[in-house]
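Here the structure comes first, spelled out in C-alpha cells, and everything after it is commentary.
Below, read A as the first sequence line, B as the second, and so on, with proteins coming before strands; counting in each chain starts at 1.
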Number of protein chains: 4
Amino acid sequence: MLNKIILIGRLTDDPELRYTPNGVAVANFSLAVERPYTNQEGERDVDFIDIVVWRKQAENCANHLGKGRLVAVEGRLQIRSYENNEGQQRRVSEVVANNVRFLDWPSDDRSQQGQADNLEEDDIDVPF
Amino acid sequence: MLNKIILIGRLTDDPELRYTPNGVAVANFSLAVERPYTNQEGERDVDFIDIVVWRKQAENCANHLGKGRLVAVEGRLQIRSYENNEGQQRRVSEVVANNVRFLDWPSDDRSQQGQADNLEEDDIDVPF
Amino acid sequence: MLNKIILIGRLTDDPELRYTPNGVAVANFSLAVERPYTNQEGERDVDFIDIVVWRKQAENCANHLGKGRLVAVEGRLQIRSYENNEGQQRRVSEVVANNVRFLDWPSDDRSQQGQADNLEEDDIDVPF
Amino acid sequence: MLNKIILIGRLTDDPELRYTPNGVAVANFSLAVERPYTNQEGERDVDFIDIVVWRKQAENCANHLGKGRLVAVEGRLQIRSYENNEGQQRRVSEVVANNVRFLDWPSDDRSQQGQADNLEEDDIDVPF
DNA sequence: TTTT
DNA sequence: TTTT
C-alpha cells in the first residue's frame, strides 16, 4: 500500500541506457550506499543497490551522471521473480526511481541544466 | 550515506522468531505490498518483501502479529552477498526494520500494549 | 532539493472541500500524529499537522474520509509566509499531500473503491 | 503514529548552538529547500524550514557546518503551540532532526571526521 | 531573517 | 561486477 525508499550514495559505474521495443528509455546503475555504522573491522559496510530509471530521467542520468557521482534517489523497492534456464526461481530486487537528484555538480559545470530539466519535466510533486 | 525505506503492507504469514547464539532475538516475516497501479490485466501487482527485526521489537512482532496483519515498517534496505554450496554468488535483499507499527489492532484487544512497549523501548527518536 | 514527509495519523475532523476560482478542488484537514515516546506525565504528545490535498484526491478525501479515520499521507512540507492585517509577518506550515492512503476501511464497506480511484488516477509512481 | 521527514537543502546561516540548563546541547538552523518545480515567474520557490538538533550531533553541526552548506536531514515534523505575551495562540513548526548528513565536504578537508563521529555516536540504526 |  |  505504501512503498517509499530514499537513498543517497555514489554510482559504482556509468549508467547503462537502453530502449524498450516501443522506444521507452531505461537507465540502470548500481548505487554504493554506506551503512551508518562501522563493522567489527572498523570499516563501513556498503550496500550495492540496483537502480532503474525510466523515460526522460533515464536520459538525463545517462547524459549527466557517471561513476563516482553522488546522487539522491527516491523511488520504490520492487521484487521481481523469474525462472532461470535451469527452471529455478530467482528473485531480483531493484529500486525503481521516480526521482534522481544530482548532489555534486562540478561547480564550474553548466550541465546543471540537466538537473533542472530533470526537475521540470519528470518531477511529480503537484505545483500547488 | 542515507538509506531509508517506509512500507505499509500485510504479513504473508506469522513471523518466525529465533535467537542468535548470544541470545539476541530476531524475527523474520514477509510483507505483501501492493503496487500503486493496476497492471494490464487490471490487477494490482504485489511486491513480497522480506523483513528482519531485532531485539525487543522482534519479540513484540512474534507475540502480537500474525498472517494478514497490516503494519507500517520503517528501516533500511540491506543487500547481502553470499556463496551457495555450488560456489555461486547469490544476493539476498531484505529490509532491516528499526520500527514496526501495528495498524489494525482489533478494537477490543488490550494487546495494544505490545505496540506501546515497542514504541517506548525501541524507538529511536529523541524525546526533545 | 528534496522534501519528503510521510505521516500516519487520524483526522481531527471531517475534511473541508473547496474549489479555486478556476474550479480546482482543494481539501484541508488536520492530522493528529502521536509522538513516538511518552512525556513526563506518561502521556503521548500529539502533533496536529495541517494537510492540503488537491484535485481528484481532494474529492476522494472529502467523499470517503471523516473525523477519526486513520490515514497515511505522503507529501512535502511547505512553509508559506504572509502579512496579516496588522502588517505582521506570519508563517503557515502545512503538508501538501501527493498521496493519501486510507488505512482503516470498514471491512464491509464497498467505498474501498474511493481509494482505488485515488491510486489509479492521482498516483505518481511510474508503471514500469 | 509515524512522522518521518527527509530534506536536502542548504543552511541559510551558521547554526546557533546553545545548552539547556541541564547542559544538553541544542543547535538550530534554517534550511533553504527548493521546490521541485518553477513558478509562474520561471523561478523556483524555496521553503525555509527550521531545524533543531540535539546532543552530540548539535555540536557536530555547530563545529562543521556553516551558511550555504548542503545537508540531508532526517527527522520528524513537530508543531509546538504556545501563548504569546498578548495572550494569543501561536504555533511553531520545526523539524527535529535525528540525523544530519554533510553532503558537500570540501574535498581537501579532513573534518570529514566530524561526520564520521556523527554517524558512529548518534546514529540510530541497529547494527545487525 | 534567509541558501547555491 | 562495485563508489569516495
Side-chain angles (χ1 to χ4, degrees), chain A residues 7-16 28-35 38 43-51 61 65-73 92 94 100-113 115-116 119, chain B residues 1-3 79-83 88-91 93, chain C residues 1-3 79-83 88-91 93, chain D residues 7-16 28-35 38 43-51 61 65-73 92 94 100-113 115-116 119:
Chain A
L7 303 169
I8 298 180
R10 293 186 183 277
L11 300 232
T12 62
D13 214 333
D14 295 344
E16 288 182 22
N28 291 271
F29 56 87
S30 164
L31 205 65
V33 182
E34 293 188 345
R35 297 208 184 145
T38 50
E43 293 158 2
R44 213 172 282 283
D45 285 327
V46 174
D47 291 294
F48 295 102
I49 302 176
D50 289 330
I51 311 290
C61 290
L65 291 179
K67 179 175 180 168
R69 291 291 308 279
L70 184 70
V71 296
V73 169
V92 170
E94 55 201 357
V100 180
R101 304 284 162 101
F102 310 163
L103 296 179
D104 60 354
W105 285 102
S107 50
D108 56 318
D109 183 348
R110 275 299 2 109
S111 56
Q112 169 85 242
Q113 295 316 123
Q115 183 172 33
L119 292 169
Chain B
M1 286 183 92
L2 189 148
N3 181 337
I79 312 281
R80 285 188 292 125
S81 291
Y82 69 95
E83 207 167 82
Q88 294 151 125
Q89 279 291 123
R90 288 277 163 272
R91 299 188 347 148
S93 87
Chain C
M1 287 183 92
L2 188 149
N3 181 337
I79 313 280
R80 284 186 293 124
S81 293
Y82 70 96
E83 207 167 81
Q88 295 152 124
Q89 280 290 123
R90 289 276 164 272
R91 296 182 357 142
S93 87
Chain D
L7 303 169
I8 298 180
R10 294 187 182 276
L11 301 232
T12 62
D13 214 334
D14 295 344
E16 289 183 23
N28 290 272
F29 56 87
S30 164
L31 204 66
V33 182
E34 293 187 347
R35 298 210 184 142
T38 50
E43 294 158 3
R44 215 172 281 281
D45 285 326
V46 174
D47 291 295
F48 295 102
I49 301 177
D50 290 329
I51 312 291
C61 289
L65 291 179
K67 180 174 178 167
R69 292 291 308 279
L70 184 71
V71 297
V73 169
V92 170
E94 54 202 359
V100 180
R101 305 284 162 100
F102 309 163
L103 297 179
D104 60 353
W105 285 102
S107 51
D108 55 319
D109 183 349
R110 270 312 348 119
S111 56
Q112 170 85 242
Q113 296 315 122
Q115 183 173 32
L119 290 171

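- Here dT2(F) is the nucleotide among dT2(F), dT3(E), dT3(F) with the atom lying nearest to any side-chain atom of Ser30(A).
- Across the protein-nucleic acid pair, Lys67(D) atom NZ and dT3(E) atom P stand 5 Å apart, rounded to whole Å.
- Straight-line distance from the CG atom of Asp104(D) to the C1' atom of dT4(F): 14 Å, rounded to whole Å.
- Atom CG in Asp45(D) sits about 14 Å away from atom P in dT2(E), given to the nearest Å.
- Below the 3.5 angstrom threshold, one finds no donor paired with an acceptor across the side chain of Arg35(A) and the base of dT3(F).
- Here Asn28(A) pairs with nothing under the side-chain hydrogen bond (donor to acceptor under 3.5 Å, both in side chains) rule; sequence neighbours left out.
- Atom CG in Leu31(A) sits roughly 12 Å away from atom P in dT3(F) (whole-Å rounding).
- When distances run from any side-chain atom of Asp50(A) to the nucleotides dT1(F), dT3(F), dT4(E), the shortest one goes to dT1(F).
- Residue-level contact check: Val33(A) touches neither bases nor backbone, having no heavy atom under 4.0 Å from any strand.
- In this structure, the nucleotide among dT2(F), dT2(E), dT4(E) sitting nearest to the side chain of Arg91(C) is dT2(E).
- Between Ile8(D) and Ala72(D), the shortest heavy-atom distance links the atoms CG1-CB, 4.0 Å.
- Partners of Asp45(A) according to the side-chain hydrogen bond (donor to acceptor under 3.5 Å, both in side chains) rule, which considers only residues two or more places apart in sequence or in another chain, are Asn39(A).
- Taking the side chain of Glu34(D) as heavy atoms from C-beta on, and the options dT1(F), dT3(E), dT2(F), the nearest nucleotide is dT3(E).
- Distance CZ (Phe29(A)) to P (dT4(F)): 15 Å, rounded to an integer number of Å.
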*Please step through side chain to side chain contact (heavy atoms under 4.5 Å, CB included) for the pair Leu65(D) and Val100(D), ending with a clear verdict.*
CA-CA 10 Å; Leu65(D) 291 179; Val100(D) 180; 4.2 Å; yes
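- For the pair Asp14(A) CG and dT3(F) P, the computed distance is 12 Å after rounding to whole Å.
- For Val71(A) against Leu103(A), the heavy-atom pair with the smallest separation is C-CD1, 3.9 Å.
- Taking atom CZ of residue Arg69(D) and atom P of nucleotide dT2(E), one finds them 22 Å apart after rounding to whole Å.
- Between the CD atom of Glu94(A) and the P atom of dT1(F) there is a distance of 18 Å, given to the nearest Å.
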